[in-house]
There are 2 protein chains.
Amino acid sequence: MRNVVYFRNVAQTKRTLKGKKTTIHEIAKALNTTASTVSRALNNNPRISEETRKKVIKMARKLGYEPNSMAASLRRGHSKIIGIIVPYADRIFFSSVIRGIEEEVKKSGYNVIICQSYEKLENEIEDVNALMSAQVAGIIISISRETNKFEHLQKVMNKDKPLVLFDRTTEAINTSSVAIDDFQGAYTSVKHLVENGYKRIAFFSGNKKVSIFRERFRGYQAAMRDSNLPILEEYVIEVPSEVEEGKAVTKKLMSLQSPPDAICSCSDFSALGAMKWLTENNYKVPEEVGIVGFGNDPFTQYLEPTMTSVDQKSKDMGKTAAQVFLEQLEGKNSIARKVLLNPELVTRASSQKLSIGKSEV
Amino acid sequence: MRNVVYFRNVAQTKRTLKGKKTTIHEIAKALNTTASTVSRALNNNPRISEETRKKVIKMARKLGYEPNSMAASLRRGHSKIIGIIVPYADRIFFSSVIRGIEEEVKKSGYNVIICQSYEKLENEIEDVNALMSAQVAGIIISISRETNKFEHLQKVMNKDKPLVLFDRTTEAINTSSVAIDDFQGAYTSVKHLVENGYKRIAFFSGNKKVSIFRERFRGYQAAMRDSNLPILEEYVIEVPSEVEEGKAVTKKLMSLQSPPDAICSCSDFSALGAMKWLTENNYKVPEEVGIVGFGNDPFTQYLEPTMTSVDQKSKDMGKTAAQVFLEQLEGKNSIARKVLLNPELVTRASSQKLSIGKSEV
DNA sequence: TAAAATTGCGCAATCGTTTACGCATAAATG
DNA sequence: CATTTATGCGTAAACGATTGCGCAATTTTA
C-alpha cells in the first residue's frame, strides 16, 4: 500500500566547501579584537562605538557569518521560540489561530514550534516536556478535551515562563487566556433567529462538561427568556459535531408533535447535517426551518442555501494570544489576563425567511 | 476596533520556589560520580552498567531533572527540530501536510517549527536564515510562487542539512522532493469524465508558468488524445483559483456556439464557481454538465451535488516528505530522491450523469 | 596463565554566545 | 583643576550538555 509511483535517484553534487562555519571569534580575530566586542556590536549594545560596529558588521558579512541562536539561547537561558500545542494542527480553526500567532510574534523575532495533542492528555504532557526541554520562551495552548489535570501546565508557570490558554481554557490554573464570548455567540444567534420570525427554536448543544458549551447553552437560555419564548426540554439536545449526528437528531426533532421552526447549533457540522436532512426531506430552508451554525467554517459559505454561522475570530484570537503572551514575557505584569473576544454572527441565507434582501425585521 | 469585550486581571500566585534547575552535574554530585557518567547513563550508552544507569535514572527523577536539549544541540551541532516553510499555514492542504510531517517525525523525537512565506521570496529567505540560525536539523519546504532564485536553499544544502521540497518543487536545485503526479491527476479526471459519457470537456488551467499546472494540462491533453476527442482552443482557459473567476469563465463558456458538457478544473474553487453559475442558470449538474475539481477540499463533499475532485494526498505527502527527510538525515544516501505520489480521484455526484448508483460505463 | 579484549567510568575540552567586572581614556562637572 | 561620569573595549567565567581519550579492573581468548 505504499503510495509511490516511482522514485528517481539523482546523483547529488558532492558538497566540498566544508567552510568551517564562522563564529564571532573569527570575526574578532580578523579585526584584531575580541569576541565580546563583536557580540556587543552585533547586538546593538550602546557601549560600542559606531565605527567599531560598522567594521564588525562589514566583516561579519564578508565572512558570511551566521549567528548560532542556540548558543545564545543557552547562555541567556531561553530561546526565541514559542511552543504551541493544539489538539489537531489541520483543523481550520486551529491552523488559523496558529497563523495569527505566527504573524504576530514574528514581528518580535520569535518563531513557533507546533505540537499536536490529538486530544490526549498523555500527548499533551509529553509535548510540554519536549517544549520545556527545548527551552521555549513559553507556551500557548488549547488544551485537549481529555485534560483534567494541570500539573504539567503548572510546571510551566513555576518556571516563570509565560503560559497562555486559548479557546479551550480552564479556571483550574491561574494564567492568562484568550477565548471568545460563547455566551454572546449563542445569545446573538438566537436573537437573530427571533428577529427573523422564528419562535420554536431548538438547540444543538455540545458536551455540557466543557465550559464553552455550557456558556453557549446559557446564551441560548438567556436569549429565549429575553424573547419571552419557552425553552422546551425536547428541543435541547446534545449533538456531537458530526454531519450524520445532525441528520439523525433532526429527523427525530421533526417528527415531534410540534417540531421546531429553527435550529441553533453549537457546530457547523451538525447544523449541516440538519440542513441536509431537511432539504432531502423536502423541508424548505430557511422558509420552513431556519438554521444557524457555530464556527463559520469556510464550507458554510458554499452551501445552498448559504449558512449563517458564528465566527470564532480565530486569527484575531491567535493575534491576541500572541500579544498577551509577549506582554507576559516582557514581564511587565505578572498578572493573569482573561481576554474575551466578541464573536461575530455572519448572517447568510439559512436563517432569513423574512425579507430576503432586507436585513432585519 | 479592538475586539475585546473585557479584561479581567487576576492576581497571580507569587512564584517562589526558584528551585535552581537541576543539571546532570547535580545528579552526578548526589551520586558521587561525574557528569559524563550521568550523561551516558541517560543516553543509553552501552558503556555504562545497568546498575549505574538505574541509580542515575532514579536520582534524575528524584531531583526533577529536565534535560536541556539546547545545550545538547549546541554540543552536537544541530537540534532535533525540523524547519517547515509553507506559503500559508492555515490552508487546509498545507496544514494537513504539516500534520503529516509532525506525526511522522515525532516518532523519532523531532519537533517542527513552522514558518510562513506568504508567497513572498523575501520572507522565504528570511525564514531560511532564521531556521538555520536556530540550528534546525534541516528544512522541509513548499516554495512560494514568487521564488525564482534558489541561493537560500542551496545554502541549506551546502551546510549538509537535509532539504526536502514538497508539492511546489523545482528542478533548479538538486535535492529531494515529494509531490503528486499532477499529470496523472488530470489524466484520470478526464478519463473518468469520458467514461461517464462526457465528450466536450473544457479545462480550467492554472498559471502555466508553474510546473504543476503545466503537468496537469499535459494530463488533460493526453487523456483527450487517448480518447480520440478534439482539444478545442476555446475550451482551455487559465482560471485563477477563485469562485468568482470560475463563475465568470463558465458564463463565457456556456455562451459559446458549442458549449462544453463537462469541466475539468485545476482548482476546487473555480470548479465550485462553475457549479454555482450553472445551477443558478438552470443547468443541471451532472446531467447537462459534468464537473471535476482538484484538491478535494473538504467543502466538496458538502455541496449539492457533491463534487468529484482529485485528492492531493496531503497527509501522505507530509508523511513521505518526513520519511525522505529522516532518511537523508541518517545520511544513508546523499542521493536526491524525487518521489511522486499517486493522486486519488474521489468520485462523487457532480461528474456522473450515467448510471447513478453504478460506477462505470 | 599470559596476552588481548571488554567493561565501566573519570578527565577535560568543546559547542558559540553572553555578560559581570574591571580598567583605561575621554568628557563633563563643580 | 580635581572629581565624577561616561565611553569603549578586553578578560574570563558561565550556560548544560557530549565525547575522545585514557586507565584501571575484569573477562575472554589462545
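Lettering follows sequence order; numbering is per chain, from 1. Note that the coordinates shown come from a computational prediction; the quantities given were computed from them, not determined experimentally. Note: hydrogens, waters and symmetry copies are ignored here, and every other heavy atom, side chains too, is used.
Put simply, A:S36 has no side-chain N or O that comes within less than 4.0 Å of OP1 or OP2 on C:dT17. Using a 4.0 Å cut-off, some side-chain N or O of A:T52 falls inside it from OP1 or OP2 of D:dC9. Applying the 4.0 Å criterion to OP1 and OP2 of D:dC9, one finds that A:S49 has a side-chain N or O inside that range. Close to C:dG10, at under 4.0 Å from its OP1 or OP2, lies a side-chain N or O of B:T34.
Rounded to whole Å, atom C1' of D:dG8 lies 11 Å from atom CZ of A:R53. The CG atom of B:N68 sits 13 Å away from the C1' atom of C:dC15 (whole-angstrom rounding). Between the CD atom of B:E26 and the P atom of D:dC15 there is a distance of 10 Å, rounded to whole Å. Rounded to an integer number of Å, the gap from A:Q135 CD to C:dT17 C1' is 15 Å. Atoms CG (A:L74) and C1' (D:dC15) sit 4 Å apart, rounded to a whole Å. B:R47 places its CZ atom 9 Å from the P atom of C:dG8, with the value rounded to the nearest Å. Distance, B:N45 CG to D:dG20 C1': 12 Å, rounded to whole Å. The separation between B:M70 atom CE and D:dA17 atom C1' is 11 Å, rounded to whole Å.
With no hydrogens or angles considered, no side-chain donor-acceptor pair links A:Q135 and B:S69 at under 3.5 Å. A:E66 and B:S133 share no side-chain donor-acceptor pair at under 3.5 Å. If you check the side chains of B:T320 and B:Q323, you find no donor sitting under 3.5 Å from an acceptor. When only modelled atom types and interatomic distance are considered, B:S117 and B:S144 share no side-chain donor-acceptor pair under 3.5 Å.
Between C:dT17, C:dT19, D:dG16, one nucleotide has an atom nearer to the side chain of A:R76 than all others, and that is C:dT19. Of the candidate nucleotides D:dG10, D:dA17, C:dG16, D:dG10 has the atom lying nearest to any side-chain atom of A:T33.
Nearer the 5' end of DNA chain D, as judged by each residue's closest nucleotide, is the contact made by B:P67, out of B:R40 and B:P67. Residue order along DNA chain C, read from the 5' end via each residue's closest nucleotide, puts B:N32 first among A:L42 and B:N32.
For the pair B:I101 and B:G318, the tightest heavy-atom approach, listed with the atom from each and the gap, is CG1-O, 3.3 Å.
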